[in-house]
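Report on one structure; see the data block that follows.
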Amino acid sequence: MSTDSLAAVEPADTATNPLHQQVYRTLREQLIIGNFPPGKSMSLRGISDMLGVGVMPCREAIRRLAAENALEVQQNRRVCVPHLTVARFEELMSARLALEPLCARRALPFVDGNRLERMIAHDETMNRNYKTGSADIYMLANYNFHFELYRAGNSDVLVPLLESVWVQFGPFMRTIYDVVEGAEIIDKHKMAIEAIRRNDADSLRTAIEADILDGMYLLRHTLGLGAN
């Protein structure tokens, strides 16, 4: 598991960010791209050894991620990625459906040409790593595509809420990478890009909703959660 792509999510400047903040961002990224599978159990010492840092900054980062429900600290002090239950799945997907279209519509007036080009570049990175490339890069590019859009709205409420949802959702989303090739799914990112070009808020909302619903469909069938 590589931890070298931290800057792709958020820059980590050692001059301005404490070590525990950098550790938090690194662990958060690994959860978002699904490198810690559901149910994975780790020791605090194992995490610190993996990252090449001391125990104290890891403890603080884990505390923050546990507060976001992305990790669980067990009675034996081992750290575990939560298992996926049907109820947890439904809540996370409901949160995405409620928040992401709203965030996208709010951000649309602020998406300039440079931001749109970055979104297109993230989508192209996804396409290059579709099945035959790197799952890590694919997952990270998907995250960056969505949040390049959402952050345009400069929301102090919606974006942090969505960050929390995605860090909980990443370990389960990774399973889609192995099954998406055989699915008959229209590229909803392309639909979103075209909607932005037309400044069409309703179509953008529809594209984002459809993208989330595609993920729901694939996850339900991949993880055996039923078809409802």
Side-chain angles (χ1 to χ4, degrees), residues 1-85 88-89 92 96 122 125-126 128-148 151 159-180 215 219 222-223:
M1 177 178 59
S2 171
T3 57
D4 296 335
S5 55
L6 174 61
V9 172
E10 289 185 46
D13 184 345
T14 57
T16 58
N17 290 298
L19 184 56
H20 69 80
Q21 179 74 358
Q22 297 172 52
V23 173
Y24 166 77
R25 287 175 173 170
T26 300
L27 290 176
R28 179 171 156 272
E29 178 192 282
Q30 296 302 308
L31 287 161
I32 285 170
I33 66 177
N35 266 336
F36 295 143
K40 180 177 178 61
S41 177
M42 304 162 283
S43 68
L44 179 60
R45 175 59 65 183
I47 294 172
S48 68
D49 289 345
M50 178 187 71
L51 299 179
V53 299
V55 169
M56 290 302 293
C58 287
R59 182 178 286 116
E60 173 61 18
I62 289 167
R63 183 193 65 77
R64 290 178 62 184
L65 288 165
E68 295 179 33
N69 297 315
L71 292 174
E72 295 175 349
V73 180
Q74 301 174 321
Q75 288 186 343
N76 61 5
R77 297 189 179 181
R78 289 184 68 83
V79 180
C80 181
V81 179
H83 289 278
L84 181 63
T85 64
R88 185 177 178 84
F89 171 81
L92 287 170
R96 289 193 64 192
H122 293 316
T125 297
M126 285 184 67
R128 285 196 302 272
N129 287 276
Y130 176 71
K131 289 299 292 180
T132 58
S134 164
D136 286 6
I137 294 174
Y138 178 94
M139 294 289 294
L140 189 57
N142 182 49
Y143 166 85
N144 284 331
F145 175 90
H146 282 268
F147 281 85
E148 188 71 55
R151 291 192 184 108
V159 170
L161 284 173
L162 282 175
E163 292 276 7
S164 177
V165 170
W166 274 64
V167 79
Q168 295 179 66
F169 195 66
F172 315 117
M173 193 71 177
R174 180 65 172 257
T175 61
I176 287 180
Y177 181 80
D178 295 325
V179 299
V180 71
L219 272 171
T222 303
L223 301 176

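Throughout, residue positions are numbered sequentially from 1 according to the sequence presented. Every value quoted in this text rests on a predicted model; they were computed, and no experiment measured them.
- The minimum heavy-atom distance linking Val81 with Pro171 is given by the pair CG1-CG, 3.8 Å.
- Residues passing the ring-ring contact (aromatic ring centres under 6.0 Å, His included) test with Tyr24: none are found, sequence neighbours excluded.
- The side-chain contact (heavy atoms from CB on, under 4.5 Å) check on Thr125 picks up Arg128, Asn129, Ile137, Ala141, with sequence neighbours excluded.
- Between the CE atom of Met126 and the OH atom of Tyr143 there is a distance of 14.5 Å, given to the nearest 0.5 Å.
- Note: His146 and Trp166 have tilted aromatic rings, judged against thresholds of 30 and 60 degrees for the angle between ring planes.
- Between Val23 and Ile47 the shortest side-chain heavy-atom distance does not fall below 4.5 Å.
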Distance-only check: which donor-acceptor pairs under 3.5 Å involve side-chain atoms of residues 69-80, not counting sequence neighbours?
{"unit_1": "Asn76", "atom_1": "OD1", "unit_2": "Arg78", "atom_2": "N", "d": "3.0"}
{"unit_1": "Arg78", "atom_1": "NE", "unit_2": "Ser41", "atom_2": "OG", "d": "2.8"}
{"unit_1": "Arg78", "atom_1": "NH2", "unit_2": "Ser41", "atom_2": "O", "d": "3.2"}

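- Rounded to the nearest 0.5 Å, atoms NZ (Lys40) and CD (Gln30) are 11.0 Å apart.
- For Ser48, there are no side-chain hydrogen bond (donor to acceptor under 3.5 Å, both in side chains) partners at least two apart in sequence or on another chain.
- Side chains of Phe147 and Glu163 form a contact here, defined as non-hydrogen atoms less than 4.5 Å apart.
- Residues that satisfy the ring-ring contact (aromatic ring centres under 6.0 Å, His included) test with Phe169, not counting sequence neighbours, are absent from this structure.
- Annotation: side chain of Arg28 is in contact with side chain of Leu65 (closest heavy-atom distance under 4.5 Å).
- Listed by first then second residue, pairs satisfying salt bridge (Lys or Arg N to Asp or Glu O under 4.0 Å) with a partner in residues 49-60 read Glu60-Arg63, not counting sequence neighbours.
- A distance of 13.0 Å separates NE2 in His20 from CG in Leu27, rounded to the nearest 0.5 Å.
- In this structure, the separation between CG on Asp136 and CD1 on Ile33 is 4.0 Å, given to the nearest 0.5 Å.
- Note that CE of Met50 is 8.5 Å distant from OG1 of Thr26, once rounded to the nearest 0.5 Å.
- The closest donor-acceptor contact from the side chain of Gln168 to the backbone of Glu68 lies under 3.5 Å.
- Closest approach of Met139 and Ile32 over heavy atoms only: CE-O, 3.8 Å.
- Contact of the Cys58 side chain with the Val53 side chain is registered, since non-hydrogen atoms from C-beta on lie closer than 4.5 Å.
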